[in-house]
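Here it is, the structure in full.
None of these values were measured; they are calculated from a predicted model. Every heavy atom of this structure was used, including side-chain atoms; hydrogens, water molecules and symmetry mates were not.
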Amino acid sequence: MKDKIKAANLIMYNELLFTPDNEEFSLPEPRGNFEKRILILSDIIEAESEEQVLLDKMITATGLNVSDIHHLSLAQNVPLTNYICKIKPERIICFGNQLDSESTVYSKRLYKVQLINDIQILNANFLSQICTSSPAKQALWNGLKSMFTL
């Protein structure tokens, strides 16, 4: 089902719907070249950590590589609407609650691909939680298979 923007579908609802185009972004530099317009959001993870290994395996298993994605590691939740509007991703994979920290329906959206404003969005638990849970790894893989029609 293709949803258009309405109050029930606003996963970034704490942010303004209109902000000036010249707003400066103070976000960390993303990893990757964004060739396939895929944005990956996560909390900050160490370079050789179990979380990074899992993320790298996920990217490889979906047939992607680092040049295909933008991986943005965030230390805290920040408004992302302007950034998303600026870079115009086709798909977003969000580990943790960077896109939705207040909603009671957040957990119901985990590992299910949502289509909002022509962007496929897959919300998942934090990578640290997925690393320690086989059911979460399987749910992530099922969500990725759905998103990338694998």
Side-chain angles (χ1 to χ4, degrees), residues 3 5 9-17 19-103 106-107 109-150:
D3 295 328
I5 198 162
N9 294 330
L10 279 178
I11 60 173
M12 297 170 272
Y13 68 93
N14 284 334
E15 303 173 34
L16 299 174
L17 293 178
T19 53
D21 288 337
N22 61 356
E23 179 181 314
E24 292 295 320
F25 298 107
S26 59
L27 296 174
E29 188 65 32
R31 178 181 137 204
N33 295 332
F34 201 52
E35 291 175 8
K36 293 195 178 173
R37 310 200 64 77
I38 299 167
L39 175 63
I40 297 177
L41 301 170
S42 73
D43 54 338
I44 296 193
I45 54 178
E46 298 296 321
E48 300 297 322
S49 67
E50 188 178 356
E51 292 87 356
Q52 185 63 54
V53 170
L54 177 65
L55 182 60
D56 290 341
K57 285 181 180 179
M58 179 208 77
I59 291 169
T60 302
T62 55
L64 302 171
N65 60 52
V66 175
S67 66
D68 297 329
I69 59 137
H70 247 47
H71 176 206
L72 188 61
S73 296
L74 302 169
Q76 63 187 22
N77 289 1
V78 294
L80 293 171
T81 301
N82 287 343
Y83 182 72
I84 290 170
C85 289
K86 179 181 176 182
I87 68 169
K88 296 177 176 64
E90 293 177 3
R91 295 180 176 113
I92 298 174
I93 302 169
C94 180
F95 295 101
N97 56 1
Q98 279 79 10
L99 293 180
D100 185 5
S101 59
E102 303 289 329
S103 175
Y106 173 74
S107 62
R109 293 182 174 150
L110 290 177
Y111 306 107
K112 296 177 182 148
V113 178
Q114 305 286 315
L115 186 62
I116 300 176
N117 293 340
D118 299 324
I119 301 172
Q120 289 184 32
I121 300 173
L122 177 64
N123 285 309
N125 288 319
F126 287 98
L127 282 165
S128 59
Q129 294 171 315
I130 296 171
C131 284
T132 60
S133 168
S134 291
K137 287 178 187 175
Q138 186 61 50
L140 173 61
W141 178 239
N142 290 337
L144 291 169
K145 288 193 303 188
S146 174
M147 178 177 260
F148 294 101
T149 57
L150 300 174

Got a second to check how far I38's CD1 is from Q120's CD, nearest 0.5 Å? 9.5 Å
Any heavy-atom pair between the side chains of T62 and M147 that's under 4.5 Å? no
Inter-residue atom distance L122.CG - C94.SG, 0.5 Å rounding: 9.0 Å
Treating R37 as the side-chain partner and I87 as the backbone partner, does any N or O pair qualify as donor plus acceptor under 3.5 Å? yes
Taking only residues two or more places apart in sequence or in another chain, which ones pass side-chain contact (heavy atoms from CB on, under 4.5 Å) with L54? L127, I130, C131
Salt bridge (Lys or Arg N to Asp or Glu O under 4.0 Å) pairs touching residues 52-66, sequence neighbours excluded, are R31-D56
Any chance you could lay out the side chain to side chain contact (heavy atoms under 4.5 Å, CB included) test for I59 and D68, step after step, and finish with the verdict? CA-CA 9 Å; I59 291 169; D68 297 329; over 6 Å; no
Closest heavy-atom pair, L140 versus A124, reported as atoms and distance to 0.1 Å, is CD1-CB, 4.3 Å
When rounded to the nearest 0.5 angstrom, what distance separates OG1 in T81 from CG in N117? 10.0 Å
Can you list the steps and then say if L39 with I119 is a side chain to side chain contact (heavy atoms under 4.5 Å, CB included)? CA-CA 10 Å; L39 175 63; I119 301 172; over 6 Å; no
Contact list for residues 35-65, test ring-ring contact (aromatic ring centres under 6.0 Å, His included), sequence neighbours left out: none
For side chain to side chain contact (heavy atoms under 4.5 Å, CB included), just list the numbers for L55 and Q52, CA-CA rounded to whole Å, side-chain angles, deciding distance to a tenth of an Å, and then say yes or no. CA-CA 5 Å; L55 182 60; Q52 185 63 54; 4.1 Å; yes
Any chance you could lay out the side chain to side chain contact (heavy atoms under 4.5 Å, CB included) test for L41 and L80, step after step, and finish with the verdict? CA-CA 10 Å; L41 301 170; L80 293 171; 3.8 Å; yes
Residue set satisfying side-chain contact (heavy atoms from CB on, under 4.5 Å) with N33, at least two apart, ordered chain then number -> E35, S67
Here the ring-ring contact (aromatic ring centres under 6.0 Å, His included) pairs for residues 129-149, sequence neighbours left out, are none
Contacts of E51 that satisfy side-chain hydrogen bond (donor to acceptor under 3.5 Å, both in side chains) - sequence neighbours left out: S49
With a 4.5 Å limit on heavy-atom distance, are the side chains of I45 and F95 in contact? no
The side-chain hydrogen bond (donor to acceptor under 3.5 Å, both in side chains) partners of Q138 (sequence neighbours excluded) come to N142
Keeping to residues at least two apart or across chains, list the ring-ring contact (aromatic ring centres under 6.0 Å, His included) pairs with something in residues 46-71. F34-H70
Closest approach of Y111 and A136, non-hydrogen atoms and distance? OH-CB, 3.7 Å
Heavy atoms of other groups near E50 CD, more than 12 under 6.0 Å: no
Distance in Å, R91 CZ paired with L144 CG, rounded so as to fall on 0.5 Å steps: 10.5 Å
